[in-house]
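In what follows, a structure is listed as structure tokens, so that the remarks can point back to it.
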Amino acid sequence: MMPVAEKIDTERYEIEKISGNKIINNTILYKIQWVGYTKDYDSEEAEWRMTCDEKLIEFSLSTLDKNRYIDRLEPMLLNYRKFRDDAKSIMNFIDPVSILALTTFQCGSVKFVDQDTVSSRFLLLEYLRDSKQQYLLHTAFLPSEDVIDESEHRYVRELQSRMEVFSEHPLVKIIIPLDIEGVFYSPPPLSNLIFEPVTVWMCENSSHYENLFVSKSEDVGFNGTKPFLDSEYLEPKGPKQDPKYFHAFEANENKKFYNGMKRLDYQQDPRFHCNLKLISEIGRGWVLRASHVIPKETPIMMMAGVIGPWKRAHNSLVRSGERIAFSSFIEIPGTEMCLDRRLYHDFTKYIPHNCAPTCSVRLVKSGNEYPDLVVYSLTDINASNNFSISIDYYQGFRKHVNRYFWTNRHPDGKIFNLYENEIDFVHCQCMERQCRTILYIDKSLKSHDPSVGKEEKLENLDPNFEFRGMSVVADTKRIWEIQKGVFVE
């Protein structure tokens, strides 16, 4: 018999189907049918009590008109706040559409538990609009095979032309699935991808750096997205406009037309020799994996984004919440800066979290005042670990989480302490033996007040807490060099 939910239930049950949703006190609840139980035992559960993103996606697909819903996306994103108190629109459109995107953050490797799920949905939509990542909401729209083939051919060709410009960037192959099972993840827009770090000033003056920032094409591809590059970039009018000569002109002071960040020239000795692949997985979105065996201690690739003051990371947390800030910002140790990967990012954004990661990050000499953040292998990456590339993004919060549970014990375990006290947190989904389960606990001064909404909690973060980006560098005192693909102190 299913227990009555007056006390938090510590048993685990398998979900057969999610058949509906409702809103109570700004929390979205889902009607659950349980495997092995009759409908008499159906119950209503919050999304954060479920570890079944596939079931949530199935519910989303059953709710949306898959052939027409994307026509409603743009008007909704432009005026999303007017739906804030429209429960019907939230349940029938905003919630199922949001599910398509939120399951892909950090490749579905963590679950962000927000008691105020309605506000968290609107924070998500605002971010997707402002960072030009609306394509994540198109997942339920399935393109025809002909459209996929045509779009894939163009996308791969244009991606290849971008990677040729940045000669040391590892080869990344996009793997479009042959069989579409309910959802289709459009690959990231090429205009959002960058291949080396840039500064805020360069980003604000992007027209001066046409080989770093490329305008998007208005052509539609895949499932109604705009993933392609402006054709003018691909059809240069002369040598100085030809992307292939980007680094040749950069290295030659007499012909130099790239006046961005000073960087060491690695053309003669490229640092990275790995081949990688980006594959889509249901409930996770796009995930980066190795294409071959990578030995331990191998430099894999450099993280890219917009280098800016760390306060950009903290302000993003206050404004947009943990889901956005934790998946977007990386701390650059030894500086007052962070790597902002909201609008512009590279393929390392598709590396999932894991409590027993296969990779970590080192500081590497760049030729300017900000060291490069280089992902490298902690162990051999091979078939035994499914060629997985993963990082422990949450190691910087371990002390705070440990301190909390040292003084707040619960007979049924950590997670139920937070459930009963209705505290927001980040729940790990890595399923490793070493899994820490709880990766982050809300640092708001009002975290224990269930009557307070998400936005008010974020406005009242502990003043002693400074979010400078995710702490992924283990040794923050040492800066390495890379010669012939090997780390050198």
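- The structure places CG of Asp442 at 10.0 Å from CG of Leu418, a figure rounded to the nearest 0.5 Å.
- Ring planes of His400 and Tyr440: tilted class, angle from 30 to 60°.
- One distance of note links CD1 of Ile194 with CZ of Arg162; it measures 9.0 Å at 0.5 Å rounding.
- With a 4.5 Å cut-off on side-chain heavy atoms, Met470 and Tyr394 count as touching.
- Listed for the Ser327 side chain is a donor-acceptor partner under 3.5 Å among the backbone atoms of Ile324.
- The NE2 atom of His314 sits 5.5 Å away from the CG atom of Leu461 when rounded to the nearest 0.5 Å.
- Both the sub-6.0 Å distance and the 45° axial angle are not jointly satisfied by Arg342 relative to the ring of Tyr127.
- In this structure, Arg72 is positioned above the aromatic face of Phe93, its NZ or CZ under 6.0 Å from the six-membered ring centre and within 45° of the axis.
- Between Leu125 and Ser98, some side-chain heavy-atom pair lies under the 4.5 Å cut-off.
- Taken from CG in Leu56 to CD1 in Ile15, the straight-line distance is 7.5 Å, to the nearest 0.5 Å.
- The environment of CZ in Arg436 is crowded: more than 12 heavy-atom neighbours from other residues, nucleotides or ligands sit within 6.0 Å.
- Closest of all the heavy-atom pairs between Phe166 and Asn211 is CZ-O, 3.5 Å.
- Residues Pro463 and Leu445 are in side-chain contact: their nearest non-hydrogen atoms beyond the backbone lie under 4.5 Å apart.
- For the pair Arg271 and Met302, the minimum side-chain heavy-atom distance is below 4.5 Å.
- The number of heavy-atom neighbours closer than 6.0 Å to CZ of Arg129, taken from other residues, nucleotides and ligands shown, is above 12.
- Other residues, nucleotides and ligands contribute over 12 non-hydrogen atoms within 6.0 Å of the CD atom of Gln434.
- Across all their heavy atoms, Gly182 and Leu142 have their closest contact at O-CD2, 3.6 Å.
- The two residues Arg263 and Asp372 make their nearest non-hydrogen contact at NH2-OD2, 2.8 Å.
- At least one side-chain heavy atom of Phe59 sits less than 4.5 Å from a side-chain heavy atom of Asn21.
- Side chains of Ser119 and Arg84: a donor on one and an acceptor on the other come within 3.5 Å.
- To the nearest 0.5 Å, atom CD1 of residue Ile99 and atom CD1 of residue Ile18 are 7.0 Å apart.
- What you find for Arg323 and Asp114 is that their closest heavy atoms are NH1-OD2, 4.0 Å.
- By the 6.0 Å contact criterion, CG on Asp130 is enclosed, its count of non-hydrogen atoms from other residues, nucleotides or ligands being greater than 12.
- For Tyr155 (side chain) and Pro188 (main-chain N/O), a donor-acceptor pair under 3.5 Å exists by modelled atom type.
- For the pair Lys111 (side chain) and Met50 (backbone), a donor-acceptor distance under 3.5 Å is present.
- Ion pairing of Glu466 with Lys311 is absent here, as no side-chain N (NZ or NE/NH1/NH2) approaches a carboxylate O to less than 4.0 Å.
- In this structure, Tyr376 has its ring center closer than 6.0 angstrom to the ring center of Phe487.
- Side-chain polar atoms of Thr348 and Asp346 form a donor-acceptor pair below 3.5 angstrom.
- For Phe184 and His138, the gap between ring centers reaches or exceeds 6.0 Å.
- Judged by a 6.0 Å distance limit and a 45° cone about the ring axis, Arg289 is not positioned over the six-membered ring of Phe387.
- Residues Gly283 and Asp53 share a closest heavy-atom pair of O-OD2, 3.9 Å.
- Distance check: Leu363 CG to Lys477 NZ gives 11.0 Å after rounding to the nearest 0.5 Å.
- Residues Glu297 and Arg362 are paired through a salt bridge, judged by an N-O separation under 4.0 Å between the basic side chain and the carboxylate.
- In this structure, the side chains of Leu276 and Phe347 stay at 4.5 Å or more apart for every pair of heavy atoms.
- Between Phe213 and Tyr344, the ring center distance clears the sub-6.0 Å criterion.
- Ring pair Tyr393/Phe326: centre-to-centre distance not below 6.0 Å.
- Remark: of the listed residues Asp449, Asp424, Asp116, Asp424 is the sole one forming a salt bridge (Lys or Arg N to Asp or Glu O under 4.0 Å) with Lys454.
- Side chain of Lys446 to main chain of Glu456: no donor-acceptor pair is present (N/O by atom type, distance under 3.5 Å, no hydrogens or angles).
- Between His427 and Phe425, the ring planes lie tilted relative to each other; the angle falls in the 30° to 60° range.
- Between Glu331 and Arg468 there is no salt bridge, since no side-chain N of the basic residue sits under 4.0 Å from a carboxylate O of the acidic one.
- Residues Ala101 and Leu124 come closest through the heavy atom pair CB-CD2, 4.4 Å.
- Within 6.0 Å of CG in Asn386 there are more than 12 heavy atoms belonging to other residues, nucleotides or ligands.
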